[in-house]
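Scroll down for the structure; my scribbles are underneath it.
None of these values were measured; they are calculated from a predicted model. Throughout, protein chains are lettered first and strands after them, A, B, ... in sequence-line order, and every chain is numbered starting at 1.
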2 protein chains.
Amino acid sequence: MDKQRHQVIIADDHPILLKGLHEFLADLGLEVIGAFHNGKDALDAIVDSQPPLAILDLEMPEMTGLEVAADCKKLGLKTRVILLTLHKELKFYQQAKELNISGYILKEFALNDLRKAIDTVLSGQEFFSEKLFEGLKKEDCLSDHSLTPSELKILRLIADGHSTKEIAEQLFISERTVDKHRSNIISKLNLEKKHNSLLIWAQNNKENLY
Amino acid sequence: MDKQRHQVIIADDHPILLKGLHEFLADLGLEVIGAFHNGKDALDAIVDSQPPLAILDLEMPEMTGLEVAADCKKLGLKTRVILLTLHKELKFYQQAKELNISGYILKEFALNDLRKAIDTVLSGQEFFSEKLFEGLKKEDCLSDHSLTPSELKILRLIADGHSTKEIAEQLFISERTVDKHRSNIISKLNLEKKHNSLLIWAQNNKENLY
DNA sequence: CTGAAAATAGGTATTTCTACGTATTGTTAG
DNA sequence: CTAACAATACGTAGAAATACCTATTTTCAG
């Protein structure tokens, strides 16, 4: 770790976690110039002080970590953002890649991983934990079934509780087409030949659909 | 806070949180004699040292906080257990009440709340945060609709993905009866008059059904 | 360019879910 | 006790989901 006193702003809505993070960063020799329990306050502080690094919880009241990062990018700040999260969900990861997120760490990771991430990001590189990707591959049941884009689109609408008719209207295609897609999806997912099995599956796996 | 050096064992699978908790307890003057990232190790340590207090995460690998508490009770240990959790779900709270859990705190609570909880529990009383109860009342959508026991039973089976026929067979009643119950449930819950609306509702609210 | 895969659309039939009735039997609180 | 409620059961009907077909048009890689 660089011995300079790098400044950092942190935010997490869980006080215990915020304290743990604060202490940990202090141990590493970083100077925590702000610790907040919501995204809005953190953003204000980041805009004021423009520190080289901000470590933010993904899920926070007022503003999420992603939203804060988006605003930082919009404002052209040089502050690098590492996101902390409980979830290794693909959708967040994809959103993160589109913004100026420099790192993405799961809260359950060892402190060592966090230290590595901070080193990497402060040196100007990106850090996306390998475990994060492993997890994605394993948890993304969709990748195994090679659903087509249309099938995936329809699956998401089913997960949102839409009926075949609604889906057809929304996508400007025939109900029969939707039927066919449903049928294909059921085959690919190897679902029971039972009523509503697709709906039930979609409802239970909606988190993995993005 | 009592100035005695009370001993305490802690466990949480999130390292940052574990560190935060450790530091916080140290600040309070407690002696943390063990910090673990899974329930099993924590239980072993509790059995060995029998401290007056253990603060455990509800969700951990190997053993959950509840399971550790259950074993402590089974072994007749005098160690009091405070559970930390992210979730204010009714079922966990109810389980907690049945065991020798002395406290139940949401992780998002202020450190002050945690301090109060520790004081209370170490003085021999129970601490279940008021906010926890508030949350329960509001989140428990079922209590508002006064579903009958049969209706609730059927609703749970629907949430488990069972069809009317399966439910009828399982409960030894006619399909028509199940139909009628479904109909009544839909009325009470004020659901849309749309196909599968009950199924979708049940799938999305299965956590609140116990 | 050509062939494979995907998306589109339709037909027919079955099963399931739901609505909206009625009606009988227990149970239980006032 | 009795009136209200819950649980039970049945009928009819329509909407929706699914299965199992065929068939055309697009798209895209080799």
Only one of A/L66, A/V68, A/D12, A/L84 passes side chain to side chain contact (heavy atoms under 4.5 Å, CB included) with A/L58, and that residue is A/L66

Heavy atoms only: give me the nearest A/I158-A/A202 pair and the separation to one decimal. CG2-CB, 3.8 Å

Between P on C/dA7 and CG on A/N184, what's the gap in Å once rounded to a whole number? 9 Å

Which residues in residues 163-176 of chain A have a heavy atom closer than 4.0 Å to any atom of DNA chain C? A/I173, A/S174, A/R176

Between P on C/dT18 and NZ on B/K188, what's the gap in Å once rounded to a whole number? 17 Å

Find the distance A/L198:CG to C/dC17:C1' and express it as a whole number of Å. 16 Å

Kindly say if B/T177 contacts the phosphate of D/dA9, meaning a side-chain N or O under 4.0 Å from OP1 or OP2. yes

Does a side-chain N or O from B/S150 land closer than 4.0 Å to OP1 or OP2 of D/dA6, or not? no

Taking the axis from the first five pairs and the axis from the last five, what angle separates them in the helix from C/dC1-D/dG30 to C/dG30-D/dC1, rounded to 10 degrees? 50°

Would you mind building the protein contact string for nucleotides 19-30 of chain C? One character per nucleotide, 5' to 3', B for base within reach (heavy atoms under 4.0 Å), S for sugar-phosphate only, - for untouched. SS-B--------

A side-chain contact here means heavy atoms from C-beta on lying under 4.5 Å apart; do A/F24 and A/L114 qualify? yes

Taking distance alone, no hydrogens or angles, what donor-acceptor pairs closer than 3.5 Å link side-chain atoms of residues 32-55 of chain A to residues at least two apart or in another chain?
| residue | atom | partner | partner atom | Å |
| --- | --- | --- | --- | --- |
| A/N38 | OD1 | A/K40 | N | 2.9 |
| A/N38 | OD1 | A/D41 | N | 2.8 |
| A/N38 | ND2 | A/D41 | OD2 | 3.0 |
| A/S49 | OG | A/A45 | O | 2.8 |

For a quick test of your reading: what N or O donor-acceptor pairs under 3.5 Å do the side chains of residues 175-186 of chain A make, sequence neighbours left out?
| residue | atom | partner | partner atom | Å |
| --- | --- | --- | --- | --- |
| A/K180 | NZ | A/N184 | OD1 | 3.3 |
| A/R182 | NH1 | A/T164 | OG1 | 2.6 |
| A/N184 | ND2 | A/K180 | O | 3.4 |

Smallest heavy-atom separation, A/M60 atom then A/D57 atom, equals CE-O, 3.4 Å

Identify, with sequence neighbours excluded, every residue that meets side chain to side chain contact (heavy atoms under 4.5 Å, CB included) alongside A/H162. A/L157, A/D160, A/E166, A/I167, A/Q170

Measure the shortest side-chain to side-chain distance between B/L171 and B/I154 over non-hydrogen atoms and say whether it is less than 4.5 angstrom. yes

Does A/K74 form a salt bridge (charged side-chain N to carboxylate O under 4.0 Å, His left out) with A/D71? I'd like the steps, not just the answer. CA-CA 5 Å; A/K74 212 180 296 167; A/D71 275 26; 3.6 Å; yes

Are any non-hydrogen side-chain atoms of A/Q203 and B/I200 less than 4.5 angstrom apart? yes

Nearest whole Å is fine: how far is C/dT16 C1' from B/H162 NE2? 16 Å

Does B/H181 have a side-chain nitrogen or oxygen under 4.0 Å from the phosphate oxygens OP1 or OP2 of D/dT8? yes

In whole angstroms, the gap separating P of C/dA6 from CD1 of A/I185 amounts to 13 Å

Using whole Å, what does the distance between atom P of nucleotide D/dT18 and atom CD1 of A/I200 come to? 9 Å

For the student: nearest non-hydrogen atoms of A/T120 and A/K116, plus distance: OG1-O, 2.7 Å

